[in-house]
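So that the names make sense, note that chain A is the first sequence line, chain B the second, and so on, each numbered from 1.
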Amino acid sequence: MIAQHTETPGSANDVHLGCAASKLRNVGALLAVIGIGVAAFVTLGAENGVRHFMHAYLLAFSYALSITLGALFFVLLHHLVRAGWSTTVRRIAELLTAAFPVLFILFLPILGSVMAGKPVLFPWADVQLMHDDHLLHKKIAYLNANFFAVRAAIYFGLWTLLAVYFRKKSIAQDAAPSAELSLSMQRVSAPGMIAFALTTTFAAFDFIMSLTPTWFSTIFGIYFFAGCLVSFFATAILLMVSLQASGRLTAYVTIERFHDLGKFLFAFTFFWGYIAFSQFMLIWYANIPEETEWFLHRLNHGWAYASLALLFGHFIIPFVGLMSRHAKRNRKVLTFWAGYMLLMHWLDLYWLVMPAYDAETPVFGAAELGSTIGFVGVLIACFAHAGRNVSLVAANDPMLSESLSLQNQ
Amino acid sequence: MNTVALNSHASALLEATERPHLVQGEQTFSAVTETVCGIAERPTAPPGFWWLFGFTACLTGLLFTLIGYLIVTGVGVWGNRSPVFWAWDIVNFVFWVGIGHAGTLISAILFLLRQKWRTSINRFAEAMTIFAVICAALFPGVHVGRIWLAYWLFPLPNQMSMWPNFRSPLLWDVFAVGTYASVSLLFWYMGMIPDLATFRDRAKTHTKKFVYGIFALGWRGSNRQWHRYERAYLLLAAISTPLVLSVHSVVSFDFAVSQVPGWHTTIFPPYFVAGAIFGGFAMVILLVVPARAYFGFKHLVTTRHLENMNKVILATGCMVGYAYAVEFFVAWYGGNGYERFAFMNRALGPYAWAYWIMISCNVISPQLFWSRRARTSPIMMWIVGLFVTIGMWFERFVIVVTSLSRDYLPGSWGYFEPTLVDFGMFAGSCGLFLTLFLLFCRFLPMIAMAEVKAIMPQAHAHGDH
């Protein structure tokens, strides 16, 4: 019953990156080196430069990590719910998840700052402070360098394992169509999802929430997760559009799939708004000092503008913009919104990370821009490298025909 | 044994890659109509029906008697006293509002996600939503004490220029639950119109023809009517989708906006929503498993439907477990002594029994559904459904009562004890829920015939596209 879909009639059956892969990988690597290099160059000499560089670096790192985590979630969810529609899109996500081991290596400078006891990013890395501050002292069992390192190793270990498992199995299915492979991926997806939920939550606590170690919010893991999904769907749309612009995948990914991706982009934009509102409103309403501290920084001085920009830019405007069927079924309009949401997601992370560096003035310059471009380059290079010899579509997945033919109402 | 294992593996393989038909057996369109209409058209109810109905009607009578007693005497007939001024009334309210969520999720979100298996159970679950909201609304309604002033819940212009507090989540509740009830009712009713028309066309007596005719709104099944119907259905699904999130989020605000340790935590909105869907699906299982055997539509609501629902129960059960764990962790991580105490007090204090009932029922019992055998056995799933329903009631009890009973001042601590009226009113609300549900089973199309027919293979003779 398994149909062969490797040859699609017509000319639009190019499903390989081909020689573009190495070119793309080199461009990505070059962007990474130049971007992060520029960021380091403009900051490291200056006063307070290490702190500035590390915050910009963490911001860009979180940006790349969130997109990659979103891709991993998409793959897990696809198998968990035995989805059909997303089959033609899934390989793109699988290739994006190839970035985890590289991201782990790039995480080492952050880890290093903590291990060295330097509070350049996380105030709790200062052992003396942890002993002197009454409130922080209570958290020492969790907020300490060794445990942080162990946790980070567990997160990246599990993410890499899951990513490699699903990519390998899926690629194996290209060569030998087999329902066994589908079944085993579906079976692993359920425990995989639980591992994903816990690691992502605690990674959000560790990497971002603990920048303000006195502050806490139980919803924070879900808030970060919502951003991961927004950025992944936007990335998937942009990748698909660019691949199609180069003549690839045009027979596989129809406007129906763009429509579906657009719906999810819309849904998670809304979900993000819901979670962000819940977090803000509850803290504002109860008005407990140890919680409001975090929002006070973000609602005063220059950061008030960033907060307003998020409210309108990340929620209200795209909510209206993406609502109509037309916006999701017109490639150009959808491409605009996908790019726009990627920018907004960046702003969201900027708003999460950078007030820890300067609580009064939002700083933006070569450091932030350079490191972000650098990490986008990392994602491009990893994607291209993982995709150098494989099909860009899960060509023998038994559900492929459903994905090719399913139409929206 | 080996062949069985092999066969189950083969069927698992088939399921991994194929979409089997949802309706089982050699079904024709007219057979579906016969099955569903047959239940309501029987001249006499099936044996035992009126006994069951009599029992639930007695409980309903008890409910209204106790409401009368409460109105005449005052809310002091409940066990609510200092420091626990909110107790079973709000617990029951949140419990019943939560039950309704499965209906909205099935009718709205599963529709948008193209989950065709929803068609056999959506009517059922939507009916359950409406009845659950009715039960829910009773409790805050009578808790106001002077029930003749209950209309003050609404912001009505009046000569005293007195308004409800717009900053109070209790007022938001009035709007959230009100919107929810009206949209759910509309969705349920609109979806039923084609089926009501079928009832009308088949009715043997003039009275039935007349009554079903009124509610069928002159449906003729023309092309244009179907076109409009489908558009309206899609729009209503889109409108209902945020309601799945909003209603229980607003309910959670009742607690989370406060500064009470154990109530004020930011994860409450999504956590309450997950819990509501969890409890709602458990209630669907509790009702549909006996109903499909009793009324004979096992070929329409198949084991696959039940298994899918059980998977949703497992998934949302894990989400609820996640929320419990994160709450506990952050209570410690936050470093606030009162918050830490509130959580230790839940797990080890005088209400530890309630806490561990909650954990066993909500987090541990659904883990059985990792096993396919448990997911597909009607008895097992019914038992787990019962556990989950009990557990979700206790979840609200734990949240409401443990936090209030021991707040900042040890001098004002207390231990809540319910009165017989508390027990009677909760039992009575279950009676009201079941009474309405039995009436629905007897007189209305329990399965969305038109929608089920649309997913049968005959409806797609030229392929599924």
Worksheet item: Given that the side chain runs from C-beta out, which part of A/L80 has a heavy atom under 4.5 Å from chain B: side chain, backbone, both or neither?
Response: neither
Worksheet item: Are B/D254 and B/D173 side-chain neighbours, meaning at least one heavy-atom pair lies under 4.5 Å?
Response: yes
Worksheet item: Among A/W284, A/Y223, A/F220, A/W215, which has the most heavy-atom pairs under 4.5 Å with chain B?
Response: A/W284
Worksheet item: Side chain, backbone, both or neither: which part of B/L314 has a non-hydrogen atom closer than 4.5 Å to chain A?
Response: neither
Item to complete: Tell me, for A/L136 versus chain B, whether the close heavy atoms (under 4.5 Å) come from the side chain, the backbone, both or neither.
Response: neither
Practice prompt. Against chain B, label A/A83 side chain, backbone, both or neither, depending on which of its atoms sit under 4.5 Å from a heavy atom there.
Written response: backbone
Item to complete: Kindly say whether the aromatic ring centers of B/F268 and B/Y271 come within a distance under 6.0 Å.
Response: yes
Worksheet item: For B/V273, is it the side chain, the backbone, both or neither that has a heavy atom under 4.5 Å from a heavy atom of chain A?
Response: side chain
Item to complete: Could you label the plane-to-plane angle of the A/Y274 and A/F271 rings as parallel, tilted or perpendicular, counting under 30° as parallel and over 60° as perpendicular?
Response: tilted
Item to complete: Please say whether more than 12 non-hydrogen atoms of neighbouring residues, nucleotides or ligands are located less than 6.0 Å from CG in B/N223.
Response: no
Worksheet entry | A/F196 and A/F73 aromatic centres sub-6.0 Å | yes
Worksheet item: Is a side-chain donor-acceptor pair under 3.5 Å present for B/H101 with B/T104?
Response: no
Discussion item. Heavy-atom pairs under 4.5 Å with chain B - which of A/Q279, A/Q186, A/H134, A/H79 has more of them than the others?
Written reply: A/Q186
Item to complete: Under 4.5 Å heavy-atom distance to chain A, tell me which part of B/Y333 shows up: side chain, backbone, both or neither.
Response: both
Worksheet entry | Close side-chain approach of B/R304 to B/N308, heavy-atom, < 4.5 Å | yes
Discussion item. Just so I understand: if I count every heavy-atom pair under 4.5 Å between each of A/D260, A/I194, A/V81 and chain B, which residue has the most?
Written reply: A/D260
Worksheet entry | Note: B/E451-B/R118 ion pair, threshold 4.0 Å (strictly below) | yes
Item to complete: Against chain B, label A/M193 side chain, backbone, both or neither, depending on which of its atoms sit under 4.5 Å from a heavy atom there.
Response: neither
Fill in: Side chain, backbone, both or neither of A/S210 within contact of chain B (heavy atoms, under 4.5 Å)
both
Worksheet entry | Interface moiety of B/R167 toward chain A, non-hydrogen atoms closer than 4.5 Å | both
Worksheet item: For A/E180, is it the side chain, the backbone, both, or neither that has a heavy atom closer than 4.5 Å to a heavy atom of chain B?
Response: both
Worksheet item: Between A/T218 and B/T265, is a side chain to side chain donor-acceptor pair (under 3.5 Å) present by the stated rule, with each step listed?
Response: CA-CA 6 Å; A/T218 41; B/T265 182; 2.6 Å; yes
